[in-house]
Trainee: 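Please see the structure below; I have some questions.
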Amino acid sequence: MLTVKYIREHTEKIIESQKKRGLDVEKQLHQILSLDFSKRSIQKKLNSIQAEINSRNSLIPQLIKSGQHKEAQDLIKKNSSLKKSTGQLSQEFQQNQKKLNNYLIDIPNIPHPEVPEGTTADHNVEIFNSGKIPQILNKALPHWELASKQNLIQFENGVKLSGRGFPVYVGKLAQLQRGLVNFFLDQNIQAGYKEYALPILVNEQSGFATGQLPDKEGQMYHIEKDNLYLIPTSEVPLTNLYRDSYLKESDLPIKMTSYTPCFRREAGSYGKDVKGLNRLHQFDKVEIVRIEKPENSSNALQEMIAHVKRILTLLELPFRVLKLCGGDLGFTASITYDFEVYSAAQEKWLEVSSVSNFESYQSNRLQLRYRDKHHNRHLLHTLNGSALALPRILACMIENFQDSTKLIIPKAVAEYTGFDSIEFSDS
RNA sequence: AGAGAGGUGGCCGAGUGGUCGAAGGCGCACGCUUGGAAAGCGUGUAUUCCGAUUGCAUCGGAAUCGAGGGUUCGAAUCCCUUCCUCUCUGCCA
């Protein structure tokens, strides 16, 4: 979230830039400013009363020692009456603070100046296109048809076990998926990211710190008995490793990667684009996260974009990169680039990666800071991206790399699977 | 799940009612020492908020010893609630 100090100093700028999201935050910001003002005036009063009490308290033991009991009793009486007023004031102070916090939590991150105007996904700006739209095979089948026919994915069994959105991968396709995970992880490790194997259940605090709570409360699976949440992305545990941290300049940058399953309830998204692997409740993803000094975060973002591009190129899939417009930007992100792969049989683009700079928005909740050479304290910047999410990659591979007899595995991946094609049984 | 122990500053660790924001050590920073380094010596070293002055330097104040509440003129220290960790037992992949 934004700091009050920042809001105080940049009120107009924030109001202006939130318009890119289609939001009018003027009223909220003024609420925040007035709550902040009253908070400070309450604190001022409280502090001075407390100071008075404290100064008397330090006299009392001295008076008692020197036998001046009457004087001591006098001070005690004065203090106990003062104390009553502090009780009320501190209650007011706390309530004020709570209100202030609720407003603060509600303000999304400020869109970066580079974020294009626009209200819907149609206004996202294409900044890169790999250029090679594949020749579509005459009878190219969408992945759900082909994979079902060849018994590579069992959607019905998934429904039997869990419900819609929990596919079962079979045989070579399961192997291909495993190979891809290793391929992605190795690519990330080679690029300097350290691998972590993480819990996929996290507590409330972790969910809050990266911004999933309370914003996406309804989108996460919640285990009430233990008050734990199934992670919607490994961004959550990965980034929270550095919650409540003070880093040294020499520790930076921090580059991490992790493979985890991800869980999303996808409440409210039924009916649209949910066929096959397009939208799932459980899927596998390899994530990259970086923690950077503020002045380096833009460069880091560019590096991440280049990195994901490289992986997609190795996969030989046609793809494009979009700069998200304000209306399509996530709550916590300052700027986001989406990677979409072209699915020939579906004749549409599917999002396979999303790379974002959160600047200090998450750090403020995480309390993730560093100390510079002059011993001044600053919030760090966090960034993350998928490298990559599995199901849609699989879907595109199935749709783009099929011929009449087999599915062809790209070279770079074949090293990991141990086979370079999946033969179809004729039927 | 049951029983017990415990949660103190970047880390370890002392501290059971009164200058305790907290001894000591480690670490870190700067300085001295040295041909250089280590060792040694010296100095400094928590965070947040409010205020003054305004250079993110300095000064004053408040709060914080897991969290919340209570007792008291006064609590890290006593009481209650709660969360978490560890050990043993039970159970088990």
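Chain identifiers are assigned alphabetically (A, B, ...) following the order of the sequence lines, protein sequences preceding nucleic acid strands; residue numbering begins at 1 within each chain. On a predicted model such as this, the values are computed, not experimentally measured, just so you know.
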Trainee: For B:A62, what is the paired nucleotide under Watson-Crick or G-U wobble rules, both distances under 3.5 Å?
Mentor: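 Partner of B:A62: B:U48.
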
Trainee: Atom CZ of A:Phe208 to atom P of B:A67: distance rounded to whole Å?
Mentor: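 Atom CZ in A:Phe208 sits about 17 Å away from atom P in B:A67.
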
Trainee: Does A:Asn54 have a side-chain nitrogen or oxygen under 4.0 Å from the phosphate oxygens OP1 or OP2 of B:G74?
Mentor: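 Answer no for this pair, as no side-chain N or O of A:Asn54 is under 4.0 Å from OP1 or OP2.
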
Trainee: Drop me the distance from A:Gln219's CD to A:Leu213's CG, to the nearest 0.5 angstrom.
Mentor: 11.5 Å

Trainee: Choosing from B:C50, B:C73, B:G61, which nucleotide comes nearest the side chain of A:Arg8?
Mentor: B:C50

Trainee: Please name the nucleotide paired to B:G6 by Watson-Crick or G-U wobble geometry with both distances under 3.5 Å, or report none.
Mentor: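 Here B:G6 is engaged in a pair, and the nucleotide opposite it is B:C84.
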
Trainee: Base, sugar-phosphate, or nothing: which does A:Ile60 touch, judged by heavy atoms less than 4.0 Å apart?
Mentor: base

Trainee: Say we look at B:U8 and B:A22: how far apart would their C1' atoms be, to the nearest angstrom?
Mentor: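 These two C1' atoms come out 9 Å apart once rounded.
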
Trainee: Within this structure, what is the CG-to-C1' distance between A:Asp226 and B:A1, rounded to whole angstrom?
Mentor: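 Taking CG of A:Asp226 and C1' of B:A1, I get 13 Å after rounding.
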
Trainee: Assuming nearest nucleotide by heavy-atom distance, tell me which of A:Lys77 and A:Gln367 is located more 5' along RNA chain B.
Mentor: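 The answer here is A:Gln367.
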
Trainee: Counting only Watson-Crick pairs (N1-N3 plus N6-O4 or O6-N4) and G-U wobbles (N1-O2, O6-N3), all under 3.5 Å, who is the partner of B:C32?
Mentor: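 Checking every strand shown, B:C32 finds its partner in B:G40, with both distances under 3.5 Å.
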
Trainee: Please measure how far the P atom in B:C92 lies from the corresponding atom in B:C80, and state the result in whole Å.
Mentor: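 Their P atoms lie roughly 36 Å apart.
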
Trainee: Rounded at 0.5 Å granularity, tell me how far CD in A:Glu9 sits from OG1 in A:Thr3.
Mentor: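 The distance works out to 8.0 Å.
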
Trainee: Taking CG from A:Leu247 and C1' from B:C28, how many angstroms apart are they, rounded to a whole number?
Mentor: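 Result: 15 Å.
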
Trainee: Output the rounded distance in Å from CD (A:Glu204) to P (B:C84).
Mentor: 12 Å

Trainee: If I take atom CD1 from residue A:Ile53 and atom CG from residue A:Leu75, how far apart are they, to the nearest 0.5 angstrom?
Mentor: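 So the gap between those two atoms works out to 12.0 Å.
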
Trainee: Does B:U54 have a Watson-Crick or wobble mate here (both distances under 3.5 Å), and if so which one?
Mentor: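 Check on B:U54: unpaired, no WC or wobble geometry under 3.5 Å.
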
Trainee: Just call it for A:Lys83: base, sugar-phosphate, or nothing, with non-hydrogen atoms closer than 4.0 Å on any strand.
Mentor: base

Trainee: Going by purine N1 to pyrimidine N3 plus the second Watson-Crick contact, or the G-U wobble pair, all under 3.5 Å, which nucleotide sits opposite B:C78?
Mentor: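 In the structure as shown, B:C78 has B:G70 as its Watson-Crick or wobble partner.
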
Trainee: In the strands shown, is B:C11 matched to any nucleotide by a Watson-Crick or G-U wobble pair with both distances under 3.5 Å, and which?
Mentor: B:G25

Trainee: Could you measure the distance from the CG atom of A:Asn109 to the CZ atom of A:Phe331? Nearest 0.5 Å is fine.
Mentor: 9.0 Å

Trainee: Side-chain N or O of A:Tyr246 less than 4.0 angstrom from OP1 or OP2 on B:U48?
Mentor: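 For A:Tyr246, the contact criterion (side-chain N or O under 4.0 Å from OP1 or OP2 of B:U48) is met.
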
Trainee: Return the value, rounded to whole Å, for the distance between atom CG of A:Asp244 and atom P of B:U64.
Mentor: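 Atom CG in A:Asp244 sits about 19 Å away from atom P in B:U64.
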
Trainee: Take the protein atom CD of A:Gln97 and the nucleotide atom P of B:U64, then report the distance between them rounded to whole Å.
Mentor: 15 Å

Trainee: In whole Å, what separates the P atom of B:A23 from that of B:C32?
Mentor: 28 Å

Trainee: Would you measure the distance from the P atom in B:C11 across to the matching atom in B:A46 and give it in whole Å?
Mentor: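 The same atom, P, in both gives a distance of 14 Å.
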
Trainee: Identify whether any heavy atom of A:Gln94 sits under 4.0 Å from a base atom; if not, whether one sits that close to sugar-phosphate; answer base, sugar-phosphate or nothing.
Mentor: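 The residue A:Gln94 makes sugar-phosphate contact but no base contact.
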
Trainee: Write down the partner of B:U19 under the Watson-Crick or G-U wobble criteria, each distance required to be under 3.5 Å.
Mentor: none

Trainee: For A:Phe93 and A:Ser55, take the nucleotide of RNA chain B holding the closest heavy atom to each; which residue's nucleotide lies nearer the 5' end?
Mentor: A:Phe93

Trainee: Roughly how far apart, to the nearest Å, are B:A75 and B:A63 at atom P?
Mentor: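 Comparing P positions in B:A75 and B:A63 gives a spacing of 9 Å.
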
Trainee: Taking atom types as modelled, is there a side-chain donor on A:His381 or A:Glu292 under 3.5 Å from an acceptor on the other?
Mentor: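 No, no side-chain donor-acceptor pair sits under 3.5 Å.
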
Trainee: When you check the side-chain N and O atoms of A:Lys13 and A:Tyr6, is any donor under 3.5 Å from an acceptor?
Mentor: yes

Trainee: Under 3.5 Å, is there a donor-acceptor pair linking the side chains of A:Gln402 and A:Gln150?
Mentor: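 No, no side-chain donor-acceptor pair sits under 3.5 Å.
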
Trainee: Is A:Arg40 near enough to B:C49 that one of its side-chain N or O atoms lies under 4.0 angstrom from OP1 or OP2?
Mentor: no

Trainee: What's the gap between B:G6 and B:G15 when it is taken at their P atoms, as a whole Å value?
Mentor: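 Here B:G6 and B:G15 have their P atoms 12 Å from each other.
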
Trainee: State whether A:Gln50 places a side-chain N or O below 4.0 Å from either non-bridging phosphate oxygen (OP1 or OP2) of B:G61.
Mentor: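 So the side chain of A:Gln50 is outside the cut-off, no N or O lying under 4.0 Å from OP1 or OP2 of B:G61.
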
Trainee: Is there a Watson-Crick or G-U wobble partner for B:C91 with both distances under 3.5 Å, and which nucleotide is it?
Mentor: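 Base partner found: none.
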
Trainee: Roughly how many Å is it from CG in A:Asn57 to P in B:A75, rounded to a whole number?
Mentor: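 The answer, rounded to whole Å, is 8 Å.
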
Trainee: Indicate whether any N or O donor in one side chain lies under 3.5 Å from an N or O acceptor in the other, for A:Tyr193 and A:Arg290.
Mentor: yes

Trainee: Using a 4.0 Å heavy-atom cut-off across all strands, classify A:Gln43 as base, sugar-phosphate, or nothing.
Mentor: base

Trainee: Assign A:Asn79 to base, sugar-phosphate, or nothing according to its heavy-atom contacts below 4.0 angstrom with the strands shown.
Mentor: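 Contact class for A:Asn79: sugar-phosphate only.
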
Trainee: How long is the line joining CG of A:Asn96 and C1' of B:C50, in whole Å?
Mentor: 14 Å

Trainee: If we take the C1' atom in both B:A29 and B:G70, what is their distance in whole Å?
Mentor: 43 Å

Trainee: Could you tell me how far B:A76 sits from B:C59 if I compare only their C1' atoms? Round to whole Å.
Mentor: 28 Å

